[in-house]
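Working notes for the structure below.
Just so we're on the same page: letters track the sequence lines, and every chain starts at 1.
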Protein chains: 2
Amino acid sequence: MSTCDQCVVRNRSICAALDENEIKLLNSIGRRRNLTAGESLIWEGEDSVLVANVIEGVLKLSTGTEDGHEQIVGVVYPSDFIGRPFGATTGYGVTALTDARVCVFSRRDFDGFAREHPSLGQKLLERTLGELDRTRRWMLLLGRKSASEKVASFLLELMERLVEPGCKVVFDQPSRQLELPFSRQQIADVLGLTIETVSRQLTRLKVEGTIGLPSRREVVIRNLDALVAGAG
Amino acid sequence: MSTCDQCVVRNRSICAALDENEIKLLNSIGRRRNLTAGESLIWEGEDSVLVANVIEGVLKLSTGTEDGHEQIVGVVYPSDFIGRPFGATTGYGVTALTDARVCVFSRRDFDGFAREHPSLGQKLLERTLGELDRTRRWMLLLGRKSASEKVASFLLELMERLVEPGCKVVFDQPSRQLELPFSRQQIADVLGLTIETVSRQLTRLKVEGTIGLPSRREVVIRNLDALVAGAG
DNA sequence: TTGGCAATTTGACTTCGGTCAATGGCAAAG
DNA sequence: CTTTGCCATTGACCGAAGTCAAATTGCCAA
């Protein structure tokens, strides 16, 4: 019995496209790996050597300008796919925001497997198209939204993503409380703002009663309508 | 003999994955269509009903916020693929910037064809991954670059894209002159700026001698190094 | 050629968000 | 329990880009 049978994301990740035999085969070329918060899996600019599925945890994809600024260009959650198949160099680094567990494959092995199993390629294509959609919505946020709209949009997107299972960091539905997998600096890097502006916007939302901030890493949504209205 | 034989983008578009018989089949479910500058092919928010290949011309993908601001989230050139296969709604509109010629397919027909011809799906996947890479680089620009860096980066990217064949709008290598497929407002919508800021940055580059502006729709690169340095 | 119109440029002023600096608070280590 | 250090918050100020308004340009049609 392969370890995949008990995998939390077996039916939501790209593996859902595969039957029992295929999954055994894929399992044989991959291996589990645990990451601690802050640990990197892939570095910006290196040749793409590995790809992975996220089993548990949250990871960021990020690039930097030469003058030291960083921009987070993507955030991945359990069942998401990481990496750049088909022989390109990765334009961004991948780093764990929380402790995480991933299922890694050598890019070369994975490419071969994908070519021999079109159903996997198909799933990967659908996933990539979805990711492109999400990234483009994010561009609208970066290009046209104000700081307050950015922060509100960020909290809403986070909420949606954290309800999905496998996130250690849960969004507790009844209490509407969520645990932030991001530091203030990281939120700033997602939104193209500074840490000070993020802090000011969050305290403003708190003072207005829209949200509560029990601790640095927790947010309570007190007035969802107001948050949606503020997201622009 | 199918019309595809003389197609300029036959070997660069996703069609390059197909053999003679397959291409005849694909051709039978598609049709050519001419667009005049400003004409839309797909509207934001509608169900995805058609997909297409760009044969000639330049088109924009764009979304708007409710308060009237627009953000261009992608620009497509000859041989690029347009649209959202596999049954989602399109999150952005597609509009011709120049007169253009495209090869359109009903999304439903195309989906079926793609599922039966994995090599096409494979090409589409590679293309989509590349597009995602380019979009993420663009996010860095939107989130972290200053107005002057944005404008310089824009001109450089445009230059690279316009050397490829099939662009009526040519980048004339020796004279380093390029014809802009964008109005000032559209440049602003690409970069997340206002029309005034774009105009000011362009005149600054002209005064500095980095570029020349023979007419509203033409740019001459006079000092490439300076432009690269200014792109951040 | 001229008039009209839209696009662009330019100028004056405002504002949002960035920068710099000081303070506060929490958590791990001693 | 105290110390230490990081992260976050808060405040004062500044500047880049936005806004509003006017002038200019170039283009098309009459």
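Taking atom CZ on F182(A) and atom P on dA8(D), their separation rounds to 13 Å, with Å as the unit. Straight-line distance from the CZ atom of R217(A) to the P atom of dT9(D): 11 Å, rounded to whole Å. Rounded to whole Å, atom P of dG26(D) lies 12 Å from atom CD of E218(B). Here the P atom of nucleotide dA8(D) and the CD atom of Q185(A) are 8 Å apart, to the nearest Å. In this structure, the CD1 atom of I187(A) is 14 Å from the C1' atom of dT9(D), given to the nearest Å. Atom CG in D67(B) sits roughly 14 Å away from atom P in dG18(D) (whole-Å rounding). At whole-Å resolution of the value, CD in Q186(A) and C1' in dC7(D) are 12 Å apart.
Across all non-hydrogen atoms, the minimal contact from T98(A) to V58(A) is OG1-N, 3.0 Å. Looking at every heavy atom in both residues, G38(B) comes nearest to T95(B) through O-CG2, 3.4 Å.
Under a 3.5 Å cut-off, the side chain of D99(A) and the backbone N or O of A37(A) do form a donor-acceptor pair. Side chain of S40(B) to backbone of I42(B): no donor-acceptor contact under 3.5 angstrom is found. No side-chain donor-acceptor contact under 3.5 Å links Q201(B) to the backbone of V198(B). Put simply, the side chain of R107(B) gets close to the backbone of S48(B): a donor and an acceptor are under 3.5 Å apart.
Checked against the 6.0 Å centroid criterion, the rings of F81(A) and F105(A) do not qualify as a close aromatic pair.
Atoms CG and CD1, from L97(B) and I72(B) in turn, are 6.0 Å apart once rounded to the nearest 0.5 Å. To the nearest 0.5 Å, atoms CZ (R33(A)) and CG (L50(A)) are separated by 7.5 Å.
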Step-by-step side-chain contact (heavy atoms from CB on, under 4.5 Å) determination, R32(B) to C7(B): CA-CA 11 Å; R32(B) 301 295 175 96; C7(B) 181; 4.2 Å; yes
Derivation of the side-chain contact (heavy atoms from CB on, under 4.5 Å) call for L59(A) and V75(A): CA-CA 6 Å; L59(A) 299 91; V75(A) 182; over 6 Å; no
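Distance from the side chain of E196(A) is smallest to dT10(D) among dT19(D), dA17(D), dT10(D). The listed nucleotides are dA17(D), dT25(D), dA8(D); the one nearest the side chain of R216(B) is dT25(D).
Using modelled atom types, one finds no donor on one side chain facing an acceptor on the other under 3.5 Å when comparing E196(A) with S199(A).
Chain B approaches DNA chain C over the interval dA7(C) to dA12(C), counting the first and last nucleotide 5' to 3' with an atom under 4.0 Å from its heavy atoms.
Interface residues of residues 141-157 of chain A facing DNA chain C, ordered by number: S146(A), A147(A); criterion, heavy-atom separation under 4.0 Å. Sorted by residue number, the members of residues 197-209 of chain B with any non-hydrogen atom under 4.0 Å from DNA chain C read S199(B), R200(B), T203(B).
An angle of 40°, rounded to 10°, separates the two end axes of the helix from dT1(C)-dA30(D) to dG30(C)-dC1(D), each defined over five pairs.
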Validation: residues 133-144 of chain A side-chain donor-acceptor distances under 3.5 Å, sequence neighbours left out:
from    : atom 1 : to      : atom 2 : distance (Å)
D133(A) : OD2    : R84(B)  : NE     : 2.8
D133(A) : OD2    : R84(B)  : NH2    : 3.3
R134(A) : NH1    : E131(A) : OE1    : 2.8
T135(A) : OG1    : E131(A) : O      : 2.7
R136(A) : NH1    : Y92(B)  : OH     : 3.1
R136(A) : NH2    : E131(B) : OE2    : 3.0
W138(A) : NE1    : V190(A) : O      : 3.3
R144(A) : NE     : E70(B)  : O      : 2.7
R144(A) : NH1    : L193(B) : O      : 3.0
R144(A) : NH2    : E70(B)  : O      : 3.4
R144(A) : NH2    : A188(B) : O      : 3.1
R144(A) : NH2    : D189(B) : OD1    : 3.0
R144(A) : NH2    : L193(B) : O      : 3.1

Could you list the donor-acceptor pairs under 3.5 angstrom formed by side chains in residues 147-159 of chain B, with sequence neighbours left out?
from    : atom 1 : to      : atom 2 : distance (Å)
S148(B) : OG     : S146(B) : OG     : 3.4
E149(B) : OE1    : S146(B) : N      : 2.9
E149(B) : OE1    : S146(B) : OG     : 3.4
K150(B) : NZ     : L191(B) : O      : 3.0
S153(B) : OG     : K145(B) : NZ     : 3.3
S153(B) : OG     : E149(B) : O      : 2.7
S153(B) : OG     : A231(B) : O      : 3.3

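Taking 4.0 angstrom as the limit, T194(B) places none of its side-chain polar atoms (N or O) nearer than this to OP1 or OP2 of dA17(D). At the phosphate of dT9(D), OP1 or OP2 sits under 4.0 Å from a side-chain N or O atom of R184(A).
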